[in-house]
Amino acid sequence: MGKAQLFFDRIHRGLFDIPSLLPPEQQERVLQRCFEHKHRRPDPWRHAVDSYEAYKYAMTLNCIPARPYRSIVDIGCSEGVFTCKVAHAYPDARTVGIDISGQAIERARHRAEENEQDITFEVLNIVRQTPKTAFDLAICSELLYYLGIGERLHMASTHIAWLLTPKGLLVLVHPWPESRRLNRHFDTNPSVVRHAEHIYSDSHRPFAITLYEHL
């Protein structure tokens, strides 16, 4: 991906700052309509077939410390490609995938059924809602830039931090160096501390995997 494509990629993501200026209920409706439209065709981001996505998934799993995770949540799971990989890597854990798109969640459930995996998928908007239980491991990949700026991003970041059990681990995966801006609310959240950061600048689309631990 050249510099021009990276520029237009940032412009595209920046358009999602606009809905975050609306009241939360209106932002939710805009995001739901946008992602339901995006999922009118299966695998719109080519998560299942793109080599970059496969590389990013492998590096993400490689960065997760070896621990006996009992519960895992994939936030913004889309059609469950990575969620199924996580469930395969941690078969003894209860795995949950959440996404704002009902169409994506239906395809994720179908994918898990085909793989004979026991995964729970739920339609949920992390800006306004959180799952009812906490998790030992939470993964949030390529999501935060869709949630906007200012108070709305702060609200979502707070909700994500709430999902962690004591000593629970949060894994954020976002484009580098944009990740530094997106992660700032976690850096100032007194309930979590940065555990590690891994930057992959050799990719055609540089990204960072940043880990936080709940205190």
Side-chain donor-acceptor pairs under 3.5 Å in residues 79-92, sequence neighbours left out?
| residue | atom | partner | partner atom | Å |
| --- | --- | --- | --- | --- |
| Glu79 | OE1 | Asp43 | N | 3.0 |
| Glu79 | OE2 | His39 | ND1 | 3.0 |
| Glu79 | OE2 | Asp43 | N | 3.0 |
| Glu79 | OE2 | Arg107 | NH1 | 2.9 |
| Thr83 | OG1 | Asp74 | OD2 | 2.6 |

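- In the hydrophobic clustering of ILVMFWY residues, with side-chain heavy atoms under 4.5 Å counting as a link, Ile139 and Leu169 come out together.
- In this structure, Asp99 contributes its side chain and Ile105 its backbone to no donor-acceptor pair below 3.5 Å.
- The main-chain N or O of Gly168 is never found under 3.5 Å from a side-chain atom of Arg67 such that the two would form a donor-acceptor pair.
- Note on Glu36 versus Arg33: no salt bridge recorded, every NZ/NE/NH1/NH2 to OD/OE distance being 4.0 Å or above.
- Not one N or O on the side chain of Thr120 forms a donor-acceptor pair closer than 3.5 Å with the backbone of Val96.
- Between the Asn62 side chain and the Ala58 main chain, no donor and acceptor come within less than 3.5 Å of each other.
- Judged by distance alone, the side chains of Thr165 and Arg70 never bring a donor and an acceptor atom under 3.5 Å apart.
- Of the charged side-chain nitrogens involved, at least one lies within less than 4.0 Å of a carboxylate oxygen, so that Arg109 and Glu106 count as a salt-bridged pair.
- Put simply, the side chain of Arg184 gets close to the backbone of Arg181: a donor and an acceptor are under 3.5 Å apart.
- The aromatic rings of His198 and Tyr200 are tilted relative to each other, their planes meeting at an angle between 30° and 60°.
- For the residue pair Ser191 / Asn189, a side-chain donor-acceptor distance below 3.5 Å is found, with atom types taken as modelled.
- Below 30°, between 30° and 60°, or above 60°: for Tyr52 and His204 the angle between ring planes is above 60°, a perpendicular geometry.
- Between the Gln129 side chain and the Val123 main chain, no donor and acceptor come within less than 3.5 Å of each other.
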